[in-house]
Every structure is written in C-alpha cells, then in structure tokens.
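Note sheet for the following structure.
Basis for what follows: all heavy atoms, side chains included, without hydrogens, waters or symmetry-related copies. A, B, ... follow the sequence lines: proteins, then strands. Residue 1 opens every chain.
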Number of protein chains: 2
Amino acid sequence: MGEKITIRDVAKHAGVSAASVSYVLNGINKVSDETKERILTAVKELNYEPNLTAVSLSKQKSNMIGVMFPLTDDSLSTIFKDNHYYSEMISGIEYVIRKHGYDLVISGASSPADCLKWIRTRNIDGLLFLGAFPHRLYEKMKALSNPIVLVDTYERYERDYHHISVDDEYGGYLATTHLVNLGHKEIAFVAHHLVNSPVDKKRYIGYEKALKEAGITPSKTFVFEVNESSFDNGYNLGNKLLQDHKDIRAVFASSDTLALGIMKALQEKGKKIPQDYSIVGFDDITFSSYASPSLTTIRQDVFNKGVVAATSVIQAIEHRFSTLQHVKLSVELIIRDSTAKRR
Amino acid sequence: MGEKITIRDVAKHAGVSAASVSYVLNGINKVSDETKERILTAVKELNYEPNLTAVSLSKQKSNMIGVMFPLTDDSLSTIFKDNHYYSEMISGIEYVIRKHGYDLVISGASSPADCLKWIRTRNIDGLLFLGAFPHRLYEKMKALSNPIVLVDTYERYERDYHHISVDDEYGGYLATTHLVNLGHKEIAFVAHHLVNSPVDKKRYIGYEKALKEAGITPSKTFVFEVNESSFDNGYNLGNKLLQDHKDIRAVFASSDTLALGIMKALQEKGKKIPQDYSIVGFDDITFSSYASPSLTTIRQDVFNKGVVAATSVIQAIEHRFSTLQHVKLSVELIIRDSTAKRR
DNA sequence: TTGAAAGCGCTAACAG
DNA sequence: CTGTTAGCGCTTTCAA
C-alpha cells in the first residue's frame, strides 16, 4: 500500500474532526444526520479502513480470540495427524468467531509460561483452551480478566472457568453396555492416556459402571493405554492383544482412529470382525462408516462443540458478567457392522 | 489482570527513562552495561511483558502472519472434513511461525473484499494463501507491500508472488504410468474440479501425457468431476462408475479420500480390488495404508509444504527484497495393494 | 550514553 | 451536536 488513509484524512476530507468520524464509525449517536452523511461519503470515497491495531490499543480490546492447543511434542502435527477431531473443532470455532467479527489466533502452547505470556502480550480478548489444562497455569490464569473457556478438560479447577464437554462418561457407558448386551464379558478398554487425558478417564468410568451393572468385575488386565490416538498405535495394540490377551473378545477404544488401527491388526492376522471380535470406537469420524466392516461407535458432534465453545467466549467477552457456562453435550451410540453377538 | 505493568513502570523502577528500557529490550546498543543491568533487573522484578499491540502500532509491524483458506461454503468444515490435507499443512505452518516468534491468524476467506480488508486492517505482516486465488484479488493484492505466498495456486498470476506447490503434473504422470504399466487402458481420472482446482488440472495434464506416451487416446468420457474431496462424493462416483461405465477397469483419483470412497462403493457391489479394479489415489493420508486393501497412491509431504511456505513468508518479511520464491516439491509413487496387473 | 518529546492511528472524556 | 485534548503503550528521532 502506498499511503494508508487515516481517520484524520477522512476528517479533513469531510471537513470535520477525527472525533466525529470515530463517533460515526462506532455508531455513537452524537452526530447530526447531515454530517454523518458527509462522513460516510468521505469514508467511501477514500476507501478508508480503520487500523485495528490502533483500535485495539485505544479500546484495550483486540477483537482477537486465541485457541490454544495442547502440544504434545513440538508441533501440532501429532495432534492433527490421523485426527479429524481438532480440525472439526476449529472449523466450528472459526465459523462462529468470524461471524461475530473476531479473528482467530492459534498457537500450540510450548510451555505454561509461554501460554500465559501469549494471552497477555497479544491482548487476546478471550481464550479457548483445548484439552488438558496444565495445573500450574491455574492460579495465574484465574488472575486474568479475560474469559477462558476450557474444552474437554476435567480438572478440579473446571468449575472456575467456562467449560464445554461431551458426556464422555455416558458415552463409555453406552459403548460398554452395547457390548455387554451382545453377550460379551471379556471387554478391553483402550485409552489414549488414563491420567493425562481427563476425557479418557471419564469414558473409563462409564465403562466400569456398565460392567459392574452387568455383574462383571472390571479387571485392570483389560485396560490398555497407548500414547497418542493414532492408527499406528491402534495397530500395534491390536497385535499385542493377539499375542498376550487371547481371552479378549471385544474392544471399546477411546477413539475411532485407535479402533480402526486395532481392527486392521486383527484382520491381518485372519481374525473376522465382528465374528471373532466386536469393536466399538468413539467420535464417529467420517471414515468409520467407510471402513470394512463399518465401525460401531459413539458419535459426538465436534463441529458443534466448537460452535458452543466459541459462542461461550464471545458471550463472556461481550457481557462481562455473565455467569460461568458449563455445557455437557450429548453423545449417541451408532451401531454398525463391527459388533455382533458373542458366539 | 489487576494492573498492567508498562514500560514506564519499569523505567521508574530502574530510575531511567522509558526510552532506555526500550533500547535494551530491542537490543539497540546505546546503553551502558551498568544501566542495562539495572533495567533488566527491573524487568525481571516487575515481571514486565511488552504490550504487543502497542509495539505493533509503533513499529508498524504486527508479527502476525495470516493464513487464508479457500472457503467453498461458509465454514471451514468442508475443507477440513475427511481431509487431513489442510490440517497437516497448518501444522507445518504453525510450527515454523511459532519458532520465529510470529503468531498465526487464520481465516476463511468470505469474499475477496473481506480478504483484502483483513490483511490491511489487521496489519498482517505476511499472508499465506491456500488454494485457488480469486482473480479479482490479483491487482489489489499486488498493491500491498506485504509478502504473499500462494500455495497450490496455478494461475497466470502465480509468477508475481511467492509460490509453493508440489509436482502435481508429474504426480499425475506417475500414477497413470503405473496403471499403464500394469496393462490398463481404460483408466478413469476423477478430479475434484478441473477448472476451479488448478492442482487437479495439472494432475490431469500428467494423466493425459502418460496416456499419450502409451499410445492411448485420452477420452473425455473417462474424466469425472466431483464437487468436493470427500468420501461421500467418492462413494457416489463409484456407484456411478458401476452403472454407466462398465468399461473402466482402473481409476486414478485426485485424492486418497476420493479413492477410498470409490473403493468402498465398488467393494459393496461385490467387486474385488485390485482384481477387478485398480485404484490409485493422491496424497498418501495415513488411512490409505490402513484401508483394505491398502491404497496405492502418490505421496506428497504436506507438513513440509507448510514448513516451506511459512519459511518463505518469514524470509520475505525479514529481508524485504528477497527475490520471489517458486518452489516445486517432489512427489513419490507408493505402490500398495489396490493396483494389480490387468486380467 | 541518556532522555524529552513527538508520534503510530484511534478513542473518549470534557468543553463549548 | 462538534471539536479539543489527552491518552492507549511503545518506539525513535533529536538534542543534550
């Protein structure tokens, strides 16, 4: 751009003061209709666009909303890889944010300190925090005046922030009950990480509850952890199951990605699904209905989760004293071809 | 935050002027070591963090880099859905950008006008434009002084911007030649969109070239277009192929997602792959190796594409007069189990 | 080597 | 209703 047009240029062009231009642009009803016209014309003619950086500084509000991803290793790719989950979520978030005139700034949190720094230095109006929430950030974050929405975080702190989640426990319950109803007793639970992933912990609780209700004693030997939700990890676990755990006849995996990897391993070794093994996933990613056999799973509407989360921050930003939101979205059992009666 | 600490607080605390603090913080070597120490101590003690909005305004540089996604409909979800492609890319981009101390602002381009506006009003230092580049933006964008990197755009304008792509034409050629070498002659090409997707056009050229080299006359009846790269669209096309095009024995699809959808449809109707149909995809998404049968495909390193693109903008931002970059990354044929000799 | 002062572009009391 | 003015927090001449 050769020369940026400032509010003063507009003012001059319209023969008024910068203040009046500002009033008109901000919809502050202080200006006569006549001069308002003149100003709007000048804005058009000069093709003026306000400098948002200056606006931010002046208003102490950036109109930017940050999304912080949990960084496992150094890049986001481990998170996105094999995983429609965060992509879907960010779609929902971006959609709402743009509609409301905000911009979306994303960052992988390298360290809790960096994270905090980021919010403050960038003047982010609000923050969406996805996944596990580092304990040590808790106190410091609370000191910030900007609203923070935690998504999928179950911590003792959860009550102090806005919080969006899915009914993970019920999902685990649904999945397991489905298997139980099919006559299964030897049901493995495959988690991403039982301690680090609060979501998986909830699903596990549902799993346990379903077993107990059915009179089955949950056994630690039926619970497995992989490190990341990926096909590869599922695949490797599938092989491990075949070697070390011949008693298992059904698997409830904490993500479809994992479930599909497990399925692949079992099939490669000549096992039939659902005849030999019943498998249930979680999420209902698109591919689940395209796999052979198609995957029985717990569906959650991730796009909507993003929408709800983003809507929450924006509400919190705009009516500062709204009460804390705690939304738990529902899940649904989708029965497909990867589960069948125990034989 | 209760009270933000400003540069003046630090100055007072250290018994110097704000200017000196600024010098030290910006590494401008004008200050005696002694006062420098004092200032740094004060910074530590007060836990001072500069306000980046103010810095941006003052320096006329935001340290933010924008990524603009092509919006087909109104939300990003059509783009991310079923599509690891953009997720991978953004992972690569985010990685580089964060390492260099920039922030990543993302947006779906609602309209060319909005897009332009966005760059100017937000004081974005540089822009990554993914996918098709709206013609009418051309002139206006060129007027911007900020560097713009186009990814996957083949337009007549491409030469005026930095440009990162993959050797799509060679990819198309490799895939088709592979099928030809297996004895296939009736090879369909399934594109996302031949006109709107410049990438697909290139792949088509490679396809055509390979056919010609093999003495096969390309026929328009073997070329198909779907609207979006999705499993569903592939699936529907697969069914169409079965109904209307019984002569076809091999398919080269412009994305793995499409290829897997097609495969599913064919399999459902009792067709064997690769015995009855040979199928080649493009991208090498993770799931391709987990499908049954595993998918032969053209691999491109999308994460790296993001890395290269981001590196380019940053270079361009930091050494303003660097020459335009035009990078074409390589592709690779990955032979798996979805292709076999024609019988 | 240091600091005063004038911006960066916009907003918001406050006066008129 | 309109304009003057003093910031927002930081940078950067320019003079001391």
Side-chain angles (χ1 to χ4, degrees), chain A residues 1-40 42-43 46-64 101 117 119-125 145, chain B residues 1 3-40 42-43 46-64 101 117 120-125 145:
Chain A
M1 290 305 309
E3 335 64 35
K4 299 251 181 190
I5 300 134
T6 76
I7 199 169
R8 266 184 273 270
D9 297 328
V10 178
K12 204 171 296 170
H13 194 85
V16 297
S17 76
S20 298
V21 179
S22 176
Y23 293 142
V24 172
L25 261 33
N26 289 289
I28 296 169
N29 215 7
K30 275 183 146 195
V31 183
S32 72
D33 286 356
E34 188 211 355
T35 48
K36 189 169 174 177
E37 275 320 312
R38 273 223 311 292
I39 290 170
L40 290 175
V43 167
L46 298 180
N47 195 17
Y48 167 72
E49 303 282 6
N51 177 330
L52 292 187
T53 307
V55 175
S56 299
L57 182 60
S58 185
K59 284 197 180 161
Q60 302 287 56
K61 176 170 188 297
S62 64
N63 264 268
M64 297 196 299
K117 182 175 163 182
I119 304 167
R120 299 197 339 204
T121 57
R122 264 298 175 217
N123 290 128
I124 297 290
D125 291 339
S145 56
Chain B
M1 290 305 308
E3 337 64 36
K4 299 250 181 188
I5 299 134
T6 75
I7 199 170
R8 267 184 273 270
D9 298 327
V10 178
K12 205 171 295 170
H13 194 84
V16 296
S17 75
S20 298
V21 179
S22 176
Y23 292 145
V24 172
L25 261 35
N26 289 290
I28 296 170
N29 215 8
K30 277 182 144 196
V31 183
S32 72
D33 286 357
E34 188 210 355
T35 48
K36 189 169 175 176
E37 275 319 312
R38 275 222 310 292
I39 290 170
L40 289 175
V43 167
L46 299 179
N47 195 17
Y48 168 72
E49 303 282 6
N51 178 330
L52 293 187
T53 307
V55 175
S56 299
L57 182 60
S58 187
K59 284 197 180 158
Q60 303 286 56
K61 175 169 188 298
S62 64
N63 263 266
M64 297 195 299
K117 182 175 163 181
R120 299 195 341 200
T121 58
R122 264 297 174 216
N123 290 127
I124 297 290
D125 292 339
S145 55

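Per the geometry, CD1 belonging to I7(B) stands 6 Å off C1' belonging to dC10(D), to the nearest Å. Separating the CZ atom of R8(A) from the P atom of dC8(C) is a distance of 7 Å, rounded to the nearest angstrom. For the pair N63(B) CG and dT11(D) C1', the interatomic distance rounds to 14 Å; values are reported in whole Å. Note: CG (L57(B)) to P (dC8(C)) measures 9 Å, nearest angstrom. Remark: C1' of dC8(D) and CG of L52(B) are 15 Å apart, rounded to the nearest angstrom. In this structure, D9(A) places its CG atom 9 Å from P of dG9(C), rounding to the nearest Å. When rounded to the nearest whole Å, the span between CG of N123(B) and P of dC8(C) equals 14 Å. When the P atom of dT11(C) is taken as reference, atom CD1 of I39(A) falls 12 Å away, rounded to whole Å.
With dT11(D), dG9(C), dT2(C) as the choices, the nucleotide that has an atom nearest any side-chain atom of K59(B) turns out to be dT11(D). Here the nucleotide nearest the side chain of V31(A), chosen from dC10(C), dT12(D), dT2(D), is dT2(D). Considering only side-chain atoms of K30(A), the nucleotide from dT12(D), dC14(C), dG9(D) that sits closest is dC14(C).
Regarding contacts with the backbone of dC10(D), every side-chain N or O of T53(B) stays at 4.0 angstrom or more from both OP1 and OP2. Using a 4.0 Å cut-off, no side-chain N or O of S56(A) falls inside it from OP1 or OP2 of dC10(C). Here Q60(B) reaches the OP1 or OP2 of dG9(C): one of its side-chain N or O atoms lies under 4.0 Å away. Proximity of S32(A) to the phosphate of dT2(D): a side-chain N or O atom is located under 4.0 Å from OP1 or OP2.
Applying the 3.5 Å distance criterion, the base of dG7(D) shares a donor-acceptor pair with the side chain of S58(A).
To the nearest 0.5 Å, the span separating CZ on R120(B) from CG on N51(A) amounts to 11.0 Å.
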* Check step by step if side-chain contact (heavy atoms from CB on, under 4.5 Å) holds for N26(A) and K59(A). => CA-CA 11 Å; N26(A) 289 289; K59(A) 284 197 180 161; 3.1 Å; yes
* To do: Show your reasoning for whether side-chain contact (heavy atoms from CB on, under 4.5 Å) applies to V21(A) and V24(A).
  => CA-CA 5 Å; V21(A) 179; V24(A) 172; 5.9 Å; no
* To do: Determine, stepwise, if the pair T53(B) / M64(A) fulfils side-chain contact (heavy atoms from CB on, under 4.5 Å).
  => CA-CA 11 Å; T53(B) 307; M64(A) 297 196 299; over 6 Å; no
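Contact check for L25(A) versus V43(A): side-chain heavy atoms found under the 4.5 Å cut-off. For the pair I39(A)/S20(A), a side-chain contact is recorded, criterion being any heavy-atom separation below 4.5 Å from C-beta on. Between S56(B) and R122(A), the closest side-chain pair of non-hydrogen atoms falls below 4.5 Å. A 4.5 Å side-chain heavy-atom check between L52(B) and N123(A) finds every atom pair outside the cut-off.
Heavy-atom contacts from other residues, nucleotides or ligands closer than 6.0 Å to NZ of K61(A) number more than 12.
Residues from residues 16-26 of chain A that place a heavy atom under 4.0 Å from any atom of DNA chain D, listed by number: V16(A), S17(A), A19(A), S20(A), Y23(A).
Taken over five-pair windows at either terminus, the axes of the helix from dT1(C)-dA16(D) to dG16(C)-dC1(D) are inclined to one another by 50° (rounded to 10 degrees).
Under a 3.5 Å cut-off, the side chain of S58(B) and the backbone N or O of A54(B) do not form any donor-acceptor pair.
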